[in-house]
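See structure below.
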Amino acid sequence: MALQVDDAVAGETPGHAHPGRRGVPRRAGAVRRWFEIALLAFLAVVMLFPVVWMLETSLKENRDVYAVPAKLLGFDVTFDHYKDVFIQRGGSGASDLATNFKNSVLVAGLSTALATLLGVPAAWAYSRFPIKMKKDQLFFILSTRFMPPVVVVIPIFLMYRDLGLIDTKLGLILIYTAFNLPFTIWMMKGFVDEVPGEYEDAAMLDGYSRLEAFFRVTLPLLVPGIAATAVFALIFSWNEFVLAIFLTSSESARTAPPAIAGLIGGTTIDWGLVAASAMVFAAPVLLFAFLVRKHLVAGVTLGAVRR
Amino acid sequence: MARIQITDLHKRFPDGTVAVEQLDLAIADGELFVMLGPSGCGKTTTLRAIAGLERQTGGHIDIGDVRVDDLAPAERDIAMVFQFYALYPHLRTRDNIAFPLRAEGLPADEVDRRVAEAARMLQLEPLLTRRPSRLSGGEQQRVALARALVRQPEAFLMDEPLTNLDAEIRADMRTEIKHLQARLGTTMVYVTHDQLEAMSLGHRIAILNKGRLEQVGTPMEVYDRPATLFCARFIGSPPMNLLPVEVADGALRGTGGLALRPPDGLARGRAVVAGVRPEALELVAPREDAVPARVVSEEALGDEVIYVVEAGGQDLRVRMPPASRFEAGSAVGLRHTGGPPPVYDPQTELVVA
Amino acid sequence: MGAIRAQGLHKRFGDVKALDGVSLDVPDGAFYVVLGPSGAGKTTTLRAIAGLEKLDIGSVHLDGLDATRATPAERDLAMVFQSYALYPKRTAFDNIASPLRARKQTRSEIRTAVERVAGLLHIERLMDRKPSQLSGGEMQRVALARALVRDPRAFLMDEPLTNLDLKLRVEMRTELTRIHRSLGRTFLYVTNDQVEALSMADRIAVLRAGAVQQVGAPREIYERPVNRWVAGFVGSPRMNLLPCRPEGGELVGEHGWTLPRPRWALGESGRPLLLGLRAEDLSLDRRDASASLAGELYAVEPLGDRTLVDVDVGGALVKVKARPGTGGAQGAPLQVAVDLDRAHLFDAETGDAITR
């Protein structure tokens with residue numbers, strides 16, 4: 001049964017006697033609130049500390065990075081590490097990392113675009129048309145995402161070797177699209193289901209063809225859904241590590257995650273560079289997700305409430 | 001004693017909307033009390049306030065002799081039936097009905113006894129082992145009713161329980177609810193937007209509009225003498241004819257020549273609105289003592305015919321027996337056969353006589 | 001111009017047979033209502049005629065031409081949906097203009113046509129609003145305007161008044177009838193509300209579980225239903241149906257009552273029948289009636305212009321239409337006078353009416 005607790009009453013209208021919280025004395029409520037705040041603050045510190053530490057590391061001079069005891073505050077800020085991310089040491093043009101970042105942008109961007117471009121019409125077809133064994137088909141499509149990519153890395157590697165796709169950006173784009181597609185279909189189908197088919201019926205009776213009806217009426221209404229789906233697909237492609245590290249080796253094809261991981265190892269580790277690279281790597285996705293944050297909520301809560 | 005007293009009820013939501021302005025209602029013990037009005041009039045909010053699901057911003061609610069303002073819903077000894085049945089989908093009928101009793105901690109044999117009795121009263125015996133997904137809408141609503149019944153509460157609260165059912169089933173359920181309430185004698189507060197349902201079920205009806213009370217009365221009181229123009233427009237299907245008339249020469253005279261018997265005490269020359277029910281008018285062949293009119297349309301409904309006629313520039317609805325045959329477009333005579341109609345002030349919209 | 005003929009329509013959705021051989025013959029210019037309970041297949045029939053639903057078997061002819069394979073756009077029909085289906089991001093004007101824009105008419109043509117239709121339905125001041133800013137009744141008028149703005153072969157309407165409140169519904173019924181008369185075009189109207197059907201239709205086709213039960217004028221359907229099911233569905237309150245058997249010169253009811261056997265009720269004794277009595281053919285007033293049922297008061301429903309009294313006759317509930325103001329105590333003994341000349345008889349097994 002739907003219950004609605006109306007807490008906003010207290011204090012709303014002066015002049016009306018408000019009988020106070022039902023059954024719970026005031027003081028006990030305050031203690032509970034402080035406890036909640038303390039707990040949340042603790043959790044926040046635990047979760048954010050690594051990020052904050054990484055940010056600081058990326059801005060510290062090398063001597064501060066290795067300082068003992070570790071310096072939390074009161075260090076000199078330098079942007080050298082960020083410079084090193086993009087420019088070759090010694091000042092001779094773009095660094096290798098810069099190339100890796102470029103590759104990441106290309107691969108993630110194109111695979112997301114492709115997965116969305118193919119996924120939206122497929123989702124629409126699944127939503128609108130009676131297809132034989134639709135539920136089984138959809139389950140099969142979803143099931144490909146049950147397994148972690150690492151499970152199929154070796155067969156893919158062998159396949160790619162025969163096709164000459166090893167160590168190519170194209171290879172990565174294709175495999176990321178393949179992994180994103182089931183997800184985009186599933187998520188977009190949910191969004192398409194929410195748009196009543198009657199708009200398309202009305203458009204067809206108005207005189208448009210089925211396809212015109214889709215483009216004119218349904219597609220504009222799907223934009224929030226497409227945004228949400230694209231963000232999730234982008235996050236997967238951008239962060240993907242296992243397939244990238246197995247299927248690429250040279251700098252020209254490698255994306256950022258394996259490259260940044262490659263910075264750790266050997267005799268001395270340039271932690272400043274690692275931290276700066278990680279920050280640069282995280283920034284675009286955070287920004288993108290922030291821009292479409294409203295649509296993200298819709299994507300996550302889709303279909304949760306049944307009327 | 002389960003009378004319900006609502007005093008000075010006021011509900012304002014956080015976003016500023018005032019759902020209930022200032023409501024005073026006295027519901028008698030054992031009464032089937034209906035709150036009727038269009039959506040947004042405050043009837044559901046009031047019901048939820050009685051239940052404890054909404055907290056009023058002002059005023060008091062007493063159930064029996066207890067002031068329940070600070071009590072949680074579970075403590076108010078009321079049972080509620082919702083528009084969407086709200087049956088637990090994973091439980092069989094028998095367990096759905098038993099649920100509130102088990103939640104209260106009643107002994108198992110008492111639970112079984114009460115469930116059996118409720119099932120018998122609502123003819124659910126053959127359906128006790130089914131799950132909600134295998135029940136029709138009407139059957140689900142009966143199960144919801146049974147679940148409310150078993151608690152033997154001080155009062156039943158019903159929030160438009162029949163709205164989602166097909167017309168046929170709705171009529172049957174109406175009779176059942178009416179009969180059940182009469183047998184049990186439990187106070188029932190029933191909310192609906194369907195004026196036919198309100199008329200058919202209620203001992204008394206409270207008509208609400210925009211958070212205010214327009215009228216309280218028995219169905220016939222509300223039908224024969226609506227207290228405001230809003231009530232006059234809301235009750236009755238087809239709706240009451242509202243005719244602008246003037247008091248002149250001992251009668252209420254409208255355009256087109258219609259003359260109605262005036263109620264006592266109205267000043268001469270006063271412009272008022274007279275409420276004339278379709279059954280208080282009749283159509284005859286054009287003749288001397290009848291106002292000339294023209295048939296605009298006819299609706300033959302089987303057991304009666306509703307005519308829309310135009311007289312003196314105004315459309316009126318007339319109720320006639322099924323055998324009558326006046327063609328659309330034909331000229332007819334219009335006569336008023338009822339007594340003095342209720343008369344309203346066009347500015348205040350209140351009944352004046 | 002607007003004759004529609006649907007023949008032998010069959011349509012299955014998974015396990016469910018939605019249409020089981022539906023045939024309709026809609027004459028040009030008629031207000032033709034398909035009436036039936038929810039799930040009867042009325043919407044599916046309408047959508048099949050519109051071309052939105054593919055048929056398993058069957059054909060649709062528009063003005064004598066086979067339109068079974070034509071797209072919705074080619075059929076030149078206009079439809080008003082139950083949920084209105086107004087494009088949510090466009091203004092009322094754009095919604096109404098949509099069919100004309102699809103046909104690539106000029107801007108001035110579109111403007112003239114939209115204004116004309118807006119005037120017809122009194123919605124001129126709503127043109128700049130979006131559907132979310134309109135009330136239910138206003139949205140319905142815009143949906144209607146969108147259908148009326150061109151001059152289609154016929155109008156299809158899928159329960160357009162269902163979502164409106166009572167007062168609006170009554171008003172719109174009169175208005176639709178008026179519009180139909182002034183346009184002279186075919187209206188194919190689908191509803192589950194028998195009052196709507198009786199009040200507006202030239203012809204009614206009663207549909208149940210994907211099959212047509214009866215087709216005829218409203219009066220005919222009401223006064224001469226062909227089976228117990230149509231008899232029970234059309235008319236409010238529902239027709240009382242009492243199981244009984246003819247025995248000699250009497251009808252013996254299963255619930256212990258007896259009535260004189262009507263002269264026209266031929267048939268062997270002992271055959272199980274259903275006696276159909278409409279509430280308005282029963283009366284609590286006549287004391288000296290030769291045909292009457294004895295019972296107890298079960299419930300009283302005052303409806304304003306009439307009162308419905310539910311009488312418990314030996315365990316069967318019989319609804320009687322009584323004068324307004326009729327009252328009584330629960331369980332009070334009552335005599336219900338029966339007008340046998342207006343009674344109906346149905347075969348209890350087949351449900352078919354026994355004709356006079």
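Reminder, nothing fancy here: chain letters follow the sequence lines and each chain counts from 1.
For A:Arg216, the parts sitting under 4.5 Å from any heavy atom of chain C are the backbone and the side chain alike.
Shown here is A:Lys134, whose NZ atom has more than 12 heavy atoms of other residues, nucleotides or ligands within 6.0 Å. Few gaps surround CE on A:Met147; more than 12 heavy atoms of other groups in view lie less than 6.0 Å from it. Around atom CZ of A:Phe140, no more than 12 heavy atoms belonging to other residues, nucleotides or ligands sit under 6.0 Å away. More than 12 heavy atoms of other residues, nucleotides or ligands sit less than 6.0 Å from atom CZ of C:Arg103. Counting non-hydrogen atoms of other residues, nucleotides and ligands closer than 6.0 Å to CG of C:Asp128 gives a total of 12 or fewer. The environment of A:Phe290 atom CZ is sparse: at most 12 non-hydrogen atoms of other residues, nucleotides or ligands sit within 6.0 angstrom. Atom NZ of C:Lys17 sits in a crowded spot, with more than 12 heavy atoms from other residues, nucleotides or ligands closer than 6.0 Å.
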**Report entry** Pair A:Asp206-C:Arg146, side-chain contact (heavy atoms from CB on, under 4.5 Å): steps then yes or no
**Finding:** CA-CA 9 Å; A:Asp206 283 349; C:Arg146 183 173 63 183; 3.9 Å; yes
Query - Chi angles and distances behind the side-chain contact (heavy atoms from CB on, under 4.5 Å) call for C:Arg101, A:Tyr208 - result: CA-CA 10 Å; C:Arg101 293 211 174 112; A:Tyr208 295 109; 4.0 Å; yes
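Near-neighbour residues of residues 70-95 of chain C relative to chain A, defined by a heavy atom under 4.5 Å from a heavy atom of that chain, comprise C:Pro72, C:Ala73, C:Leu77, C:Met79, C:Phe81, C:Ser83, C:Ala85, C:Leu86, C:Tyr87, C:Pro88, C:Lys89, C:Arg90.
Contacts with chain C were tallied for A:Gly197, A:Ser209, A:Ala203; A:Ala203 has the most, counting heavy-atom pairs under 4.5 Å.
Nearest approach of C:Arg47 to A:Asp201, heavy atoms of both residues: NH1-OD2, 2.7 Å. Counting all heavy atoms, side chain and backbone alike, C:Leu52 lies closest to A:Met204 at CD2-CE, 3.5 Å.
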